[in-house]
Amino acid sequence: MRQIGIAAALLALGTATISAQSINKFVISDEAAKKTLIKNEINVDTAEKITQACVEFAKKNNQAVTVFILSPTGQIVHSYRMDGQVPINIETAHLKAQSVLYTRDSSHQRANQVANNLALQMRWEPLGVFPVSGGLPIIVDGQMIGAIGVGGGSKDEECAYTALTAVVGPQPPLAPPTPPPAAPAAP
């Protein structure tokens with residue numbers, strides 16, 4: 001029995017070490033963390049790779065997008081605007097990423113929650129929650145290391161999700177389609 005317990009403890013330690021090594025590839029260095037006092041923050045190299053993967057997705061789908069990647073505290077780590085983007089495309093990409101930081105889930109999930117709830121829409125709007133698909137948390141080893149917001153295309157969420165899974169690995173599943181508006185009540 002004791003050997004089984006030791007083997008289980010070694011396995012758990014090995015898993016924790018592998019997990020720490022996994023997240024360390026994507027977050028800021030220990031030296032940078034000493035300055036910021038935050039460790040689990042997406043690093044610039046990873047943010048650039050995610051952005052490039054998203055741009056490649058957009059090009060394959062004949063779209064132009066704007067991408068914002070924010071740290072968990074809301075600072076811009078990386079942003080990119082493809083040619084042909086107008087100010088609203090840029091602003092909505094940023095709003096989508098910021099919304100993820102406030103809610104800790106996808107902006108599409110929030111869109112589903114407010115789809116038929118005007119009161120909830122009105123409560124969230126002053127807080128800066130922008131319930132439109134295209135914003136996703138960036139999750140590694142169960143930790144949110146940043147947020148991505150994509151705007152300007154018709155496949156913003158798919159662009160972000162494809163890029164995240166290609167660069168950092170599996171992500172939480174996407175929200176289901178937004179429910180259609182409720183039919184008006186009969187008089």
Same hydrophobic cluster for [X] and [Y], using side-chain heavy-atom links shorter than 4.5 Å among ILVMFWY?
X	Y	answer
V167	V150	yes
I76	M144	yes
I69	V132	no
V129	L95	no
V67	I42	yes

Nearest-0.5 Å distance that lies between atom [atom1] in [X] and atom [atom2] in [Y]:
X	Y	atom1	atom2	result
L164	I138	CG	CD1	5.5 Å
L174	E157	CG	CD	4.5 Å
L118	R123	CG	CZ	10.5 Å
T46	E41	OG1	CD	11.5 Å
H78	Q52	NE2	CD	9.0 Å
I50	E48	CD1	CD	10.5 Å

**Q.** Short side-chain donor-acceptor distance under 3.5 Å, T73 and Q75
**A.**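 Per modelled atom types, Q75 and T73 side chains form a pair under 3.5 Å.
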
(Q) Run the ring-ring contact (aromatic ring centres under 6.0 Å, His included) test against H94 and tell me which residues pass, sequence neighbours left out. (A)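 Residues passing ring-ring contact (aromatic ring centres under 6.0 Å, His included) with H94: F68.
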
Does [X] reach the main-chain N or O of [Y] with its side chain, forming a donor-acceptor pair under 3.5 Å?
X	Y	answer
K96	S133	yes
T165	T162	yes
N43	I28	no
Q171	I139	yes
H108	P176	yes

Do you know which two heavy atoms are closest between [X] and [Y], and how far apart they sit?
X	Y	result
G128	S99	O-OG, 3.4 Å
G146	P72	N-CG, 4.0 Å
Q109	S106	N-OG, 2.9 Å
A160	L136	CB-CD1, 3.8 Å
A97	A147	O-CB, 3.6 Å
N112	A175	ND2-CB, 3.8 Å

(Q) Please determine whether side-chain contact (heavy atoms from CB on, under 4.5 Å) holds for the pair S154 and Q63, giving the CA-CA distance in whole Å, both sets of side-chain angles, and the decisive distance to 0.1 Å. (A) CA-CA 8 Å; S154 62; Q63 297 184 27; 3.1 Å; yes

Q. Can you find a heavy atom in the side chain of E125 that is under 4.5 Å from one in the side chain of V114?
A.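 Sidechains of V114 and E125: no contact.
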
Q: Would you check if R110 and W124 make a side-chain contact, meaning some heavy-atom pair closer than 4.5 Å?
A: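 The answer is yes, as the side chains (C-beta and beyond) meet within the 4.5 Å cut-off.
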
Q | Pairwise side chain to side chain donor-acceptor pair (under 3.5 Å) hits with a residue in residues 83-92, at least two apart | A |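 Applying side chain to side chain donor-acceptor pair (under 3.5 Å) to every pair that reaches into residues 83-92, excluding sequence neighbours, yields T66-Q85.
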
Q: Please report the C-alpha distance between V55 and Y80 in whole Å, then the side-chain angles of each, then the deciding distance to 0.1 Å, and finally whether the side-chain contact (heavy atoms from CB on, under 4.5 Å) criterion is met.
A: CA-CA 9 Å; V55 167; Y80 186 84; 3.6 Å; yes

Q | Charged N-O contact under 4.0 Å between K34 and D30 | A |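 Looking at D30 together with K34, the answer is no, because their closest N to O distance does not fall below 4.0 Å.
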
Q) Given P137, which of V100, I145, I148 fulfils the side-chain contact (heavy atoms from CB on, under 4.5 Å) condition? A)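 Result: among V100, I145, I148, V100 is the only option passing the side-chain contact (heavy atoms from CB on, under 4.5 Å) with P137.
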
(Q) Please check if the number of heavy atoms outside K155 that lie under 6.0 Å from its NZ is greater than 12. (A)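 Open.
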
Q. For atom CD1 of I88, is the number of surrounding heavy atoms from other residues, nucleotides or ligands below 6.0 Å larger than 12?
A.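 Atom CD1 in I88 is not packed in, count stays at 12 or less.
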
